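Just so it is clear: chains get the letters A, B, ... in the order the sequence lines come, proteins before strands, and each one is counted from 1. Treat the numbers as computed from the prediction; the structure is a model and nothing was measured.
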Protein chains: 2
Amino acid sequence: MPLGLNENEIERVDELVDKRLKVARGETLFQSGDKFNALFAIRTGFFKTHISTEDGREQVTGFQMAGEVIGLDGIVSEQHTCNVVALEDAEVCVMPFDRIEELSRKITSLQRHFHKIMSREIVRENGVMLFLGSMNSEERVAVFLINLVKRLHLRGFSSSELILKMSREDISSYLGMRLETVGRSFKKMIAEGILEVNGRHVRIINLNALTDLTLLK
Amino acid sequence: MPLGLNENEIERVDELVDKRLKVARGETLFQSGDKFNALFAIRTGFFKTHISTEDGREQVTGFQMAGEVIGLDGIVSEQHTCNVVALEDAEVCVMPFDRIEELSRKITSLQRHFHKIMSREIVRENGVMLFLGSMNSEERVAVFLINLVKRLHLRGFSSSELILKMSREDISSYLGMRLETVGRSFKKMIAEGILEVNGRHVRIINLNALTDLTLLK
DNA sequence: CGCGTCATTGATGTGCATCAAGTGGTGTGG
DNA sequence: CCACACCACTTGATGCACATCAATGACGCG
């Protein structure tokens, strides 16, 4: 957690963490209906969140990586409303919510930090609504890749190369399209010399062109 | 604000409100890029929030009514990222964010309440992602109407009749479709005896059938 | 190695966008 | 007070982007 805290405060933030939890690839961290007690900060690994309705519909709502926080959906009704699955072996910090609230009453900067995390999630979802509501398939794929590589770059990874931890199906659900269409969008971008794709290995050859794809011409 | 507070605490919550603000129909409460200082609780009236990109794309991200809170998007970067427009003459309570944080350090139940408001917004947006990503046009319209009438009913209005404060265009943007398609969905539901529609006046004849439309058959 | 999962590719169908014209209600000014 | 313009909405005709269906290919892993 990157904060503006002094030494003493950092120690106290450690109090937030009840324990660490390992989640193996494919395992569920929590699911819809589970009682909400804690938020989870990802130490390592990669997750997807998705919601499912009684009638069998599924929608992937996001992909989360190290440093991001999961579980915010559970606060409102003290019960989770989405499912979280590890897409690779992962480790999370369990932060009991009572403790978060207690400590953020004492440490102003922590309080502010936590509020920003929630707000960031709201803004992120606004962005998802934007592409789901008003972009064609190729634009969606471009937005998706750019966002992913940007976040990975912030974590010290390459800004032009990435390994997709999720399946085409997960991507397509997140982007509101069919997996075949995701594949064909890739194909088109490859033909245009924008990408190289090998299974889940993606290399961005021309980031500018990719960015241009997200823009209305 | 419906809280679990004692008398004394309720008085202190009044401290949250700096002032009231009237917003005339068509006016903008705040827009993307504006400095964030405060949240706004709607006392009366009806708003839409939307985001716009540099390239001219627009997406309506929500409709808000009395008792709901606007401005949560601004917390993360101390700057708003969406636009809020009154769809009818409205009045809001301006709650400086500093004061919210300060007071929620002192009043536990207020703190919890505020966190729930943010979490509720996250869950709401998850629901929007669901229908944007995985429902056809008729299902979207059905979800939209049911949600709207339910919220109005909670506020003492009819559970079967409503006046749409927003245009077909606003609806269509929110639902990720074209205004013509919204109209045609209405038409179909009218033909099936589910709705009566007269301009912006909508009467739900058969709520069960409308609900069924939102379900995968 | 062999099976199952995941991805690619092609052929066909369709839901919704797009384009275009028409309707009705409302406000304005001559 | 009517004529006109304007706006929000409706209705119809057409086309296309993407879904759907189906078959094959390529891993990755047990």
Side-chain angles (χ1 to χ4, degrees), chain A residues 24-27 46 48 56-60 85 87-89 131-145 162-191 195-203 213-214 216-217, chain B residues 25-26 48 56-60 85 87-88 131-145 162-191 195-202 213 216-217:
Chain A
R25 173 191 166 127
E27 272 184 15
F46 200 91
K48 74 168 173 185
R57 247 184 263 262
E58 288 250 335
Q59 175 70 30
V60 171
V85 179
L87 294 178
E88 62 180 358
D89 291 349
F131 71 63
L132 283 178
S134 68
M135 289 187 167
N136 66 32
S137 55
E138 212 180 347
E139 291 167 338
R140 294 180 199 202
V141 172
V143 168
F144 168 72
L145 287 176
L162 66 158
I163 309 285
L164 301 171
K165 305 295 185 183
M166 72 295 280
S167 69
R168 294 286 189 274
E169 174 130 34
D170 287 336
I171 298 172
S172 72
S173 169
Y174 180 59
L175 299 179
M177 46 207 258
R178 297 284 110 185
L179 77 170
E180 296 96 323
T181 310
V182 173
R184 285 187 247 261
S185 295
F186 279 156
K187 199 181 172 186
K188 184 148 178 247
M189 293 177 191
I190 294 164
L195 297 182
E196 276 174 17
V197 178
N198 212 310
R200 298 194 176 188
H201 186 190
V202 176
R203 174 198 292 246
L213 281 185
T214 68
L216 231 41
K217 54 259 123 194
Chain B
R25 173 190 167 127
K48 73 168 173 185
R57 247 184 265 262
E58 289 250 335
Q59 174 71 30
V60 172
V85 179
L87 294 177
E88 62 179 359
F131 72 63
L132 283 178
S134 69
M135 290 187 167
N136 67 32
S137 56
E138 212 180 346
E139 291 168 337
R140 295 180 198 202
V141 171
V143 168
F144 168 72
L145 287 176
L162 66 158
I163 308 285
L164 301 172
K165 304 295 185 184
M166 71 295 279
S167 69
R168 295 285 189 274
E169 175 130 34
D170 287 335
I171 298 172
S172 72
S173 169
Y174 180 58
L175 299 180
M177 46 207 258
R178 296 284 111 185
L179 76 171
E180 296 96 323
T181 310
V182 174
R184 284 187 249 262
S185 296
F186 279 156
K187 199 180 172 187
K188 184 147 177 248
M189 293 178 191
I190 293 165
L195 297 182
E196 276 174 18
V197 179
N198 212 310
R200 297 196 175 186
H201 186 188
V202 176
L213 281 184
L216 230 41
K217 55 260 121 192

The correct set of residues in residues 166-181 of chain B placing a heavy atom under 4.0 Å from DNA chain C is Gly176(B), Met177(B), Arg178(B), Glu180(B), Thr181(B)
Rounded interatomic separation in angstrom, taking [atom1] from [X] and [atom2] from [N]:
X         : N       : atom1 : atom2 : value
Asn198(A) : dC27(D) : CG    : C1'   : 11 Å
Glu88(A)  : dG28(D) : CD    : P     : 15 Å
Lys188(A) : dC18(D) : NZ    : C1'   : 13 Å
Ile163(A) : dA7(C)  : CD1   : P     : 13 Å
Asn136(A) : dC16(C) : CG    : C1'   : 14 Å
His201(A) : dT8(C)  : NE2   : C1'   : 19 Å
Lys165(A) : dA7(C)  : NZ    : P     : 14 Å
Leu195(B) : dC9(D)  : CG    : P     : 16 Å

Got a salt bridge between [X] and [Y], using NZ or NE/NH1/NH2 to carboxylate O under 4.0 Å?
X         : Y         : value
Arg57(A)  : Glu139(B) : yes
Glu88(B)  : Lys165(B) : yes
Asp170(B) : Lys48(B)  : yes

Considering residues, nucleotides and ligands other than [X], do more than 12 of their heavy atoms fall under 6.0 Å from its [atom1]?
X         : atom1 : result
Arg200(A) : CZ    : yes
Glu58(B)  : CD    : yes
Arg25(A)  : CZ    : no

Nearest heavy atoms of Thr214(A) and Ala142(A), plus distance in Å:
CG2-CB, 3.6 Å
Hey, does the side-chain of Arg184(B) have a donor or acceptor N/O within less than 3.5 Å of a partner on the base of dT18(C)?
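When only heavy-atom distances are counted, Arg184(B) does reach the base of dT18(C) through a donor-acceptor pair under 3.5 Å.
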Between Arg140(A) and Leu175(A) (side chain of the first, backbone of the second, donor and acceptor by atom type, cut-off under 3.5 Å), is there such a pair?
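A pair under 3.5 Å: yes.
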Would you say the side-chain atoms of Gln59(B) pair up with the backbone N or O of Ser173(B), donor to acceptor, closer than 3.5 Å?
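Yes, the answer is positive, given that a donor and an acceptor are paired below the 3.5 Å cut-off.
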Examine dG12(D): is either OP1 or OP2 under 4.0 Å from a nitrogen or oxygen in the side chain of Lys187(B)? Give yes or no.
yes
Sort by first number and list every stem of DNA chain C: at least 3 consecutive Watson-Crick or G-U wobble pairs, both distances under 3.5 Å.
C:1-30 with D:1-30
